[in-house]
> 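Structure below; questions to follow.
Counting starts at 1 for both ligands and their atoms, in listed order.
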Amino acid sequence: MKLWPGLQNSYVIGVVSLVLVLGSVNVNVKVVGSRVGNELNSIQYPAISCRKHSAVLTDFGGVGDGKTSNTKAFRSAISSLSKYASDGGAQLIVPPGKWLTGPFNLTSHFTLFLQQDAVILASQDESEWPNLPPLPSYGRGRDAPNGRFGSLISGTHLTDVVITGKNGTIDGQGSYWWNKFHKGQLKLTRPYLIEIMYSDQIQISYLTLLNSPTWFVHPIYSSNIIIQGLNIIAPVDSPNTDGINPDSCSNIRIQDCYIVSGDDCIAVKSGWDEYGIRFGRPTQHLIIRKVTCVSPDSAMVALGSEMSGGIEDVRVEDLTAINTQSAIRIKTAIGRGGYVKNIFVRRLILKTMKYVFWITGTYGSHPDPGYDPKALPVVTGINYRDIVATNVTYSARLEGISNDPFTEICISNTSIQVSEQRKKLQWNCTNVAGITSNVTPDPCELLPNKGQFECPFPNDILPIDNVQFKTCNLLY
Ligand SMILES: *[C@@H]1O[C@H](CO)[C@@H](O)[C@H](O)[C@H]1NC(C)=O
Ligand SMILES: *[C@@H]1O[C@H](CO)[C@@H](O)[C@H](O)[C@H]1NC(C)=O
Ligand SMILES: *[C@@H]1O[C@H](CO)[C@@H](O)[C@H](O)[C@H]1NC(C)=O
Ligand SMILES: *[C@@H]1O[C@H](CO)[C@@H](O)[C@H](O)[C@H]1NC(C)=O
Ligand SMILES: *[C@@H]1O[C@H](CO)[C@@H](O)[C@H](O)[C@H]1NC(C)=O
């Protein structure tokens, strides 16, 4: 096993010996890239923290043939590298190859780096997957009441974790799980691809994620999270393959992602009915920016349906949806309690949509009969502006709850071009209140045109937008 503590030193040695070998090279020449007669290479990548120590998966017996299990290699690598948490941290490099593995847990002050053409393949051997209790804010598993499988890549109670690469791939090989789901054979809820719990300072970036068994990226009970430059791809008919689900988290930035999915591209959540109300942890201070979504049967961004801990201060801008059911959808129900408030959306381009605006107060879907029928969700302060939509079937379906209207809905500067398959009732509004400006076709009477104005969008900068990436060096 080779570990390279103090890589800066080995890099310097590499440069010096290169100069000695090629006597004519000027000492001032900056050597970046490969060193003659040695496999030492250098890659630069952006991250919230750089690491002092590095190791390669093959140092721990990894075999990248797509058939050999690397579960032990990943687990022992991360266990060894966890020793460097208080000494500058460590990065584990996954080289080109196909690395089959069961689930493994991350550690603090740690980077998992997937090189270009590195593919992590999730094991389809169910006995490799740990069984975990239900999440406290959900009370039961989504697929099955008893609990859930652990996720392929998990982190719990961590600080400062980076999962990144040069567009390497993590393939969940979800078809095994989708078949079991369709046949009703699951005793526990399917695994997520990546789940980070009770953690702070997380980066997940520059990777391609394929075919998750269910949700792809699930940060929960965590804060200060940057998710950037992910390609997330699943068949558009695969069950519950949500792309990115921030769940009871605060200070999150999601940007520059491309998502094709069988469920919501992004679903913002905060717990389910009485369990979510009791746990009481909202998702707040969330930026979603420059994301492209394809999801014919679901939303580009859903808020809910699990929102019982509250969802507040969400800022969505510069998104594109293509052949997607709806844009920024709110889903809730009697019994959820909680709130969805101060939501700001601007600059959407929508091409081929069933609904531009869709808010549902009768989503149903309860964890058990123990929900409180008096727990009414509060939905207020929902702002949309600068939207161009083409080939749309319905402009809006906005459905509040009787005795619990959804209020302060604002829509401005929105142009909707209705398709050939247009429906007569373009704006179907019940139990909602708000105002509009410069919207075509004409909105419903519950959202009267109030002349010229723009709906608000905050001007202040959230702290997560001030986080700068450092340029990290990786030598291997
Ligand atoms: C990961 O950690 C959780 C607890 O934090 C544990 O239940 C689970 O078994 C661990 N998974 C693996 C693969 O070690
Ligand atoms: C990343 O990889 C995926 C599939 O391997 C590919 O479709 C995509 O174009 C790549 N993106 C970049 C930026 O290289
Ligand atoms: C209206 O929205 C369009 C499309 O986003 C944008 O180009 C235009 O500047 C907006 N108009 C105003 C007055 O903000
Ligand atoms: C318009 O939307 C319909 C589905 O409602 C789709 O079949 C058709 O291909 C779309 N047309 C264009 C030009 O995108
Ligand atoms: C209008 O919306 C209500 C409530 O969502 C629904 O029950 C009704 O079927 C809709 N009407 C039409 C014509 O789509």
> Quick check: Asn105 and ligand 1, any N/O pair under 3.5 Å apart?
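Yes.
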> Counting heavy atoms only, which part of Arg75 comes closer than 4.0 Å to ligand 1: side chain, backbone, both or neither?
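Side chain only; the backbone of Arg75 stays clear of ligand 1.
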> Give the atoms of ligand 2, by number and element, whose distance to some non-hydrogen atom of Thr208 is under 4.0 Å.
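Listed by number with element: 1 (C), 2 (O), 3 (C).
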> With nothing but distance in play, are any N or O atoms of Thr169 less than 3.5 Å from an N or O of ligand 2?
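Among all N and O atoms of Thr169, none is under 3.5 Å from an N or O of ligand 2.
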> Parallel under 30°, tilted from 30 to 60°, perpendicular over 60°: which one fits the rings of Tyr45 and Phe113?
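If you compare the ring of Tyr45 with that of Phe113, the planes turn out tilted.
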> Any Lys/Arg nitrogen of Arg347 or Asp318 sitting under 4.0 Å from an Asp/Glu carboxylate oxygen of the other?
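Yes.
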> For Ile266, is there any backbone N or O sitting under 3.5 Å from a side-chain donor or acceptor partner on Asp264?
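It does not hold such a pair.
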> On the 0 to 90° scale, with breaks at 30° and 60°, tag the Tyr192-His218 ring pair as parallel, tilted or perpendicular.
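Plane angle over 60°, so perpendicular.
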> Judged by non-hydrogen atoms, does Ser154 sit under 4.0 Å from ligand 1?
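The answer is no: ligand 1 sits nowhere under 4.0 Å from a heavy atom of Ser154.
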> Note the single closest protein heavy atom to atom 6 (C) of ligand 5, along with its residue, its atom name and the distance in Å.
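Heavy-atom neighbour on the protein nearest atom 6 (C) of ligand 5: Arg397 NH2, 3.8 Å.
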> Give a yes-or-no answer on whether the side chains of Asp247 and Tyr138 include a donor-acceptor pair shorter than 3.5 Å.
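Side-chain D/A pair, Asp247 to Tyr138: present.
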> Are the ring centres of Phe279 and Tyr221 closer than 6.0 Å?
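Yes, they do, as the ring centres are separated by less than 6.0 Å.
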> If you have a sec, work out which protein heavy atom is nearest atom 13 (C) of ligand 5 and how many Å separate them, to one decimal?
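The protein heavy atom lying closest is Leu425 CD2, 3.7 Å.
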> What protein heavy atom is closest to atom 9 (O) of ligand 1, reported as residue, atom name and distance in Å?
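For this ligand atom, the closest protein heavy atom is Pro130 CB, 3.8 Å.
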> Just jot down the ligand 1 atoms closer than 4.0 angstrom to any heavy atom of Thr156, in number order.
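That gives atoms 5 (O) of ligand 1.
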> Is a donor from one side chain sitting under 3.5 angstrom from an acceptor on the other, for Ser270 and Arg281?
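No pair is found: no donor N or O on one side chain lies under 3.5 Å from an acceptor on the other.
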> Looking only at protein heavy atoms, identify the closest one to atom 10 (C) of ligand 5 and say how far it is in Å.
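Looking only at protein heavy atoms, the one closest to atom 10 (C) of ligand 5 is Asn428 ND2, 2.4 Å.
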> Got a protein heavy atom sitting under 4.0 Å from atom 2 (O) of ligand 5?
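Flag for atom 2 (O) of ligand 5 set to true, protein heavy atom closer than 4.0 Å.
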> For ligand 5, is any non-hydrogen atom under 4.0 Å from Lys423's backbone (N, CA, C, O), its side chain (CB onward), both, or neither?
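For Lys423, no heavy atom sits under 4.0 Å from ligand 5.
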> I'd like to know if the side chain of Ser295 and the backbone of Asp263 have a donor-acceptor N/O pair within less than 3.5 Å.
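Side chain of Ser295 to backbone of Asp263: a pair is present.
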> Atom 11 (N) of ligand 2: which protein heavy atom is closest, and how many Å away?
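Closest protein heavy atom to atom 11 (N) of ligand 2: Asn167 ND2, 2.8 Å.
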> Less than 4.5 Å apart, any side-chain heavy atom of Leu474 and any of Gln91?
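Result yes, sub-4.5 Å side-chain heavy-atom pair found.
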> Can you pull out the closest protein heavy atom to atom 7 (O) of ligand 1? Residue, atom name and distance to 0.1 Å, please.
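Residue, atom and distance for the closest contact: Leu132 CD2, 3.4 Å.
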